[in-house]
Asks: 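Pasting in a structure now, in structure tokens, and then I'll have a few things to ask.
The figures that follow rest on heavy atoms only: side chains count, while hydrogens, waters and symmetry mates do not. Since this is a predicted model, take the numbers as computed values, not measurements. Chain letters run A, B, ... following the sequence lines, proteins first, then strands; residues in each count from 1.
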Amino acid sequence: MTRHLITSAIPYINGIKHLGNLVGSQLPADLYARYLRARGHEVLFLCATDEHGTPAELAATKAGKPIEEYCAEMHAIQAEIAAGFGLSFDHFGRSSSLQNRALTQYFAGALADQGLIEEVVEQQVYSNADGRFLPDRYIEGTCPNCGFESARGDQCDNCTKQLDPVDLIDAHSTISGSTDLEMRETKHLFLRQSQLKDRLDDWISEKADWPVLTTSIARKWLHDGDGLRDRGITRDLDWGVPVKRGADDWPGMEGKVFYVWFDAPIEYIACAQEWVDAGKGDDWVRWWRTDQGADDVRYTQFMGKDNVPFHTLSFPATIMGSNEPWKLVDYIKSFNYLTYDGGQFSTSRGRGVFMDQALEILPADYWRWWLLSHAPETSDAEFTWENFQTSVNKDLADVLGNFISRITKFCRSKFGEAVPSAGEYGPAEHALIADLATRVAQYQIHMDAMEVRKSAQELRAIWSAGNEYLQAEAPWTTFKTDPEKAAVQVRLALNLIPLYAVLSAPFIPTAAASMLSAMHVETPDWPDDVPAALEGLAAGHIFEVPEVLFAKISDEDREIWAERFAGTRD
RNA sequence: GGCGUUAUAGCUCAGUUGGUUAGAGCGAACGACUCAUAAUCGUUAGGUCCCUGGUUCAAGUCCAGGUAACGCCA
């Protein structure tokens with residue numbers, strides 16, 4: 001069986017992510033990982049926090065904490081929330097780990113050995129009051145062209161004129177407000193991505209099966225203007241991976257760190273080392289080195305569209321440029337954005353639902369189901385409370401939850417809490433089994449292709465098939481004249497529950513576990529043979545009627561939540 | 001401004017390489033059932049496939065030009 005390496009884009013450390021972030025990478029990655037494990041594949045599913053860079057430093061300062069402490073705390077919080085959503089990472093690492101530090105320095109050295117690192121001396125804005133170099137986004141001033149007061153260091157958002165920070169009138173730091181800025185010379189390392197343009201272009205061209213969203217973004221960056229540009233991989237900051245050439249010091253680069261975009265994707269590899277060092281695995285190399293066993297690994301990455309350039313170009317440039325046999329990604333599944341009630345999710349304005357809040361108001365499965373069944377695969381998708389309420393109530397409570405409720409309660413009242421033994425399957429039963437076999441096959445096709453919405457649709461149809469069968473066969477009527485026939489009908493319907501649990505577990509793991517627990521069965525194997533799977537509960541098997549699996553969302557709840565998460569509009 | 005994505009039923013979306021009468025779920029109307037979380041099941045209604053032009057025996061699908069929405073611009 002193929003081994004599967006799966007990574008989700010690593011969330012930035014400063015703060016709790018919203019539902020849009022979740023559905024764009026971690027959640028579909030988890031769906032896929034759970035599915036492949038259930039199918040019997042060996043899976044390594046990794047994620048981590050992306051901890052370096054100026055925003056993290058500023059957030060730590062704002063929180064009044066040393067950066068290391070801040071990151072450690074935020075990592076713990078994100079890990080807890082991820083667990084709350086049932087994200088089944090084999091390891092949730094940190095880009096600030098020692099493993100990533102060493103590996104990032106190693107890659108920089110390897111790239112330098114290949115002649116792909118260039119030292120460039122450039123002028124950058126230094127803020128004396130802040131004691132740091134300022135990235136363009138932290139410099140504002142009045143545009144000399146149009147008089148717009150909040151022009152940024154690189155461009156005026158009002159008249160779109162390209163600017164240099166020195167052009168701005170009354171340029172000031174947005175961190176401290178200080179106008180005590182000066183231009184200073186500083187030396188940086190650049191990755192000569194332009195040298196790798198043709199190799200990257202050829203590589204992307206091979207990927208005919210990738211989503212349009214993925215390849216079109218990559219092509220744009222490859223072909224726009226002068227093509228792929230060289231890019232700085234270092235910064236004048238304290239917080240980050242210290243610049244070294246492998247294990248050696250890098251003359252002239254003392255006190256500088258690697259730019260976050262360079263070290264963050266390397267964490268995918270380092271995370272596998274962390275996984276081993278944490279005692280959870282015994283060999284990471286066989287997942288990452290094609291010369292040491294990773295040839296049969298299929299590597300899939302999940303991410304939002306904003307992350308596509310880094311994964312299609314920058315990180316592959318690092319891998320290819322090293323000229324060493326590291327595993328390259330085989331498939332990139334990218335997602336559009338989830339919008340909130342007609343606009344964007346906004347951290348600063350508290351608009352939309354964030355991961356911690358979501359878990360406060362409803363169990364993870366509600367969110368998992370809605371988000372996955374509405375995943376923004378082909379275009380942006382919109383979250384509205386009305387849609388959420390309707391979908392969840394209909395799909396989870398009415399179709400799935402009520403099916404389990406109606407059949408277990410009916411059985412209890414007529415036959416007791418044990419699978420009835422009388423009778424044998426007739427034509428209707430065989431028809432249902434055949435129908436389910438077809439649908440399960442279709443479900444697998446969609447899941448294998450990572451067609452998230454279509455998979456959800458098929459799964460729902462599978463749930464519905466149980467209701468259709470009960471409605472058509474009406475054991476409550478049959479029972480009056482032919483109890484033995486009713487027993488057959490009930491036995492088959494009860495057997496659907498473990499089947500549904502296994503099939504549904506990638507989407508709704510908690511509910512699936514409850515279903516199995518109520519039926520008193522261990523997690524069954526994947527139903528490669530549907531007729532056999534439907535013999536799982538033998539006659540006489542004891543079960544119990546489960547608690548209500550999914551309570552409905554009331555109109556009142558919906559209104560309260562809509563109000564609560566609307567945020568403070570400008 | 002440059003670039004990208006999108007535009008199909010009241011709503012959310014499917015529609016593979018162009019090929020009969022454009023599909024699903026929700027919502028609506030009607031009906032069936034009464035085991036169940038006032039749940040379920042069935043039937044029906046509902047579309048100028050954004051606009052214009054082109055290629056073709058044939059265009060929702062390909063091409064050109066528009067329009068609109070959203071996003072990105074290191």
Side-chain angles (χ1 to χ4, degrees), chain A residues 135-137 152 154-157 159-162 193 208-209 211-221 223-225 228-232 259-261 304-310 313-314 334-339 342-344 370 373-384 386-415 446 449 451 453-454 456-458 460-461 463-480 486 489-490 493 545-554:
Chain A
D136 290 338
R137 57 187 283 205
R152 298 194 336 182
D154 51 347
Q155 185 182 47
C156 174
D157 286 335
C159 68
T160 74
K161 185 176 171 62
Q162 300 285 322
Q193 297 186 134
D209 61 328
V212 179
L213 183 66
T214 306
T215 49
S216 68
I217 293 174
R219 288 218 176 79
K220 178 199 150 197
W221 283 51
H223 301 299
D224 256 20
L228 192 61
R229 289 204 222 161
D230 295 343
R231 222 178 151 178
Y259 201 168
V260 59
W261 75 258
K305 59 183 170 186
D306 51 326
N307 262 318
V308 169
F310 297 101
L313 304 171
S314 304
S334 56
F335 289 84
N336 289 281
Y337 291 141
L338 182 70
T339 59
Q344 296 186 342
W370 190 89
S373 61
H374 293 78
E377 289 179 296
T378 52
S379 65
D380 290 353
E382 184 178 4
F383 177 91
T384 64
E386 288 76 11
N387 188 309
F388 178 68
Q389 180 195 25
T390 317
S391 298
V392 164
N393 285 353
K394 192 75 190 171
D395 299 346
L396 296 180
D398 295 347
V399 174
L400 176 62
N402 181 53
F403 170 76
I404 288 158
S405 181
R406 69 194 294 204
I407 188 57
T408 52
K409 285 180 180 170
F410 180 73
C411 182
R412 179 173 64 185
S413 75
K414 305 299 181 194
F415 302 98
H446 290 319
E451 297 264 25
R453 295 176 86 127
K454 287 180 183 173
Q457 230 171 49
E458 193 60 47
R460 200 198 115 107
W463 295 340
S464 259
N467 283 319
E468 289 164 29
Y469 170 76
L470 284 185
Q471 207 63 35
E473 297 308 305
W476 47 90
T477 303
T478 319
F479 185 78
K480 293 170 189 163
Q489 293 162 345
V490 169
V545 173
E547 296 293 309
V548 166
L549 276 180
F550 298 100
K552 291 203 197 191
I553 296 170
S554 68

Asks: Can you tell me how far P of B:rU37 sits from CZ of A:Phe410, to the nearest Å?
Replies: 14 Å
Asks: Taking both distances under 3.5 Å as the test for a Watson-Crick or G-U pair, what stems of at least three pairs does RNA chain B have?
Replies: B:1-7 with B:67-73, B:10-13 with B:23-26, B:28-32 with B:40-44, B:50-54 with B:62-66
Asks: So, does A:Lys552 get its side chain near the phosphate of B:rA39, meaning an N or O under 4.0 Å from OP1 or OP2?
Replies: yes
Asks: Take the protein atom CG of A:Leu400 and the nucleotide atom P of B:rU40, then report the distance between them rounded to whole Å.
Replies: 12 Å
Asks: May I ask you to verify if any side-chain N or O of A:Lys305 is less than 4.0 angstrom from the OP1 or OP2 atom of B:rC70?
Replies: no
Asks: Is the A:Phe479 to A:Phe415 ring centre distance short of 6.0 Å?
Replies: yes
Asks: Could you give the distance separating B:rC62 and B:rA14 at their P atoms, to the nearest angstrom?
Replies: 15 Å
Asks: Considering residues at least two apart in sequence or located in another chain, which fulfil the side chain to side chain donor-acceptor pair (under 3.5 Å) criterion with A:Ser413?
Replies: none
Asks: Is it the case that the side chain of A:Thr408 and the backbone of A:Pro546 share a donor-acceptor pair, with hydrogens and angles ignored and the cut-off at 3.5 Å?
Replies: no
Asks: Atom CG of A:Leu313 and atom C1' of B:rC72: how far apart are they, to the nearest Å?
Replies: 14 Å
Asks: Mind checking side-chain contact (heavy atoms from CB on, under 4.5 Å) for A:Phe310 and listing every partner two or more places apart, or none if nothing turns up?
Replies: A:Arg231, A:Trp261, A:Asn307, A:Ser314
Asks: Given the C1' atoms of B:rC57 and B:rC13, what is the spacing between them in whole Å?
Replies: 33 Å
Asks: Quick one: side chain to side chain donor-acceptor pair (under 3.5 Å) partners of A:Ser391, sequence neighbours excluded?
Replies: A:Asn387
Asks: Say you pick atom P in B:rU55 and the same atom in B:rC72; how far apart are they, in whole Å?
Replies: 40 Å
Asks: On RNA chain B, compare the nucleotides closest to A:Glu451 and A:Asp306; which residue's is nearer the 5' end?
Replies: A:Glu451
Asks: Can you work out whether A:Ser464 or A:His374 has the more 5'-proximal nearest nucleotide on RNA chain B?
Replies: A:His374
Asks: Roughly how far, to the nearest 0.5 Å, is CZ of A:Phe410 from CG of A:Leu470?
Replies: 9.0 Å
Asks: Expressed in angstrom and rounded to an integer, what is the separation of A:Lys409 atom NZ from B:rA39 atom C1'?
Replies: 11 Å
Asks: Using a 4.0 Å heavy-atom cut-off, does A:Lys414 contact any base of the nucleic acid, only the sugar-phosphate backbone, or nothing at all?
Replies: nothing
Asks: List for me each residue that meets side-chain contact (heavy atoms from CB on, under 4.5 Å) alongside A:Glu458, sequence neighbours excluded, and say none if there are none.
Replies: A:Arg439, A:Gln442, A:Tyr443, A:His446, A:Ala461
Asks: Check every atom of B:rC35, B:rU37, B:rU12 against the side chain of A:Arg453 and return the nucleotide holding the closest atom.
Replies: B:rU12
Asks: Sticking with atom C1', work out how far B:rU52 lies from B:rU48, rounded to a whole angstrom.
Replies: 13 Å
Asks: Taking N and O atoms by type only, does the side chain of A:Asn402 place a donor or acceptor under 3.5 Å from a partner on the base of B:rA36?
Replies: yes
Asks: Does A:Phe550 reach a base, just sugar-phosphate, or nothing at all? Heavy atoms under 4.0 Å.
Replies: base
Asks: Say we look at B:rC51 and B:rU8: how far apart would their C1' atoms be, to the nearest angstrom?
Replies: 15 Å
Asks: To the nearest Å, how far apart are A:Asn467 CG and B:rU37 P?
Replies: 13 Å
Asks: Using the side-chain contact (heavy atoms from CB on, under 4.5 Å) criterion, which residues pair with A:Glu386? Sequence neighbours excluded.
Replies: A:Thr384, A:Arg558
Asks: Give me the distance, rounded to whole Å, that separates B:rA64 from B:rG18 when you measure between the P atoms they each carry.
Replies: 16 Å
Asks: Does the A:Glu377 side chain pair with the main chain of A:Arg453, one donor and one acceptor, at a distance under 3.5 Å?
Replies: yes
Asks: I would like to know whether A:Arg406 and A:Asn467 meet side chain to side chain contact (heavy atoms under 4.5 Å, CB included); could you show each step before the answer?
Replies: CA-CA 9 Å; A:Arg406 69 194 294 204; A:Asn467 283 319; 2.8 Å; yes
Asks: Residues two or more places apart in sequence or in another chain: which of them pass side-chain contact (heavy atoms from CB on, under 4.5 Å) with A:Asp306?
Replies: A:Tyr337
Asks: For A:Leu549, report the nucleic acid contact type (base, sugar-phosphate, nothing); a contact means any heavy atom under 4.0 Å.
Replies: base
Asks: Below 3.5 Å is the cut-off: list the nitrogen or oxygen pairs between protein and nucleotides 8-10 of chain B, distance only.
Replies:
none

Asks: Applying a 4.0 Å non-hydrogen cut-off, can you work out what A:Thr408 is touching in the nucleic acid: base, sugar-phosphate, or nothing?
Replies: nothing
Asks: Can you list every pair that meets salt bridge (charged side-chain N to carboxylate O under 4.0 Å, His left out) and has a residue in residues 388-402 of chain A, with sequence neighbours left out?
Replies: A:Asp395-A:Arg460, A:Asp398-A:Lys552
Asks: What pairs of nitrogen or oxygen atoms, one from the protein and one from nucleotides 24-26 of chain B, lie under 3.5 Å apart?
Replies:
| from | atom 1 | to | atom 2 | distance (Å) |
| --- | --- | --- | --- | --- |
| B:rG25 | O3' | A:Arg460 | NH2 | 3.1 |
| B:rC26 | OP1 | A:Arg460 | NH2 | 3.3 |

Asks: Within this structure, what is the CG-CZ distance for the pair A:Leu338 and A:Phe383, rounded to the nearest 0.5 Å?
Replies: 8.0 Å
Asks: Can you list the residues that meet the side chain to side chain donor-acceptor pair (under 3.5 Å) rule with A:Ser373, with sequence neighbours excluded?
Replies: none
Asks: Could you give the distance separating B:rA68 and B:rG27 at their C1' atoms, to the nearest angstrom?
Replies: 26 Å
Asks: Taking atom P in both B:rA24 and B:rC41, compute the distance separating them and give it to the nearest angstrom.
Replies: 15 Å
Asks: Report the nucleotide, chosen from B:rC35, B:rG42, B:rU37, that has the shortest atom-to-atom distance to any side-chain atom of A:Asp398.
Replies: B:rU37
Asks: Can you measure A:Arg406 atom CZ to B:rU40 atom P for me and round it to whole angstrom units?
Replies: 9 Å
Asks: A:Trp370 and A:Val392: which non-hydrogen atoms are nearest, and at how many Å?
Replies: CB-CG2, 4.2 Å
Asks: Produce the list of close N/O pairs, under 3.5 Å, pairing protein atoms with atoms of nucleotides 30-34 of chain B; give distances to one decimal.
Replies:
| from | atom 1 | to | atom 2 | distance (Å) |
| --- | --- | --- | --- | --- |
| B:rC33 | O2' | A:Trp476 | NE1 | 3.3 |

Asks: Can any side-chain N or O of A:Thr339 pair as donor or acceptor with the backbone N or O of A:Ala381 at less than 3.5 Å?
Replies: yes
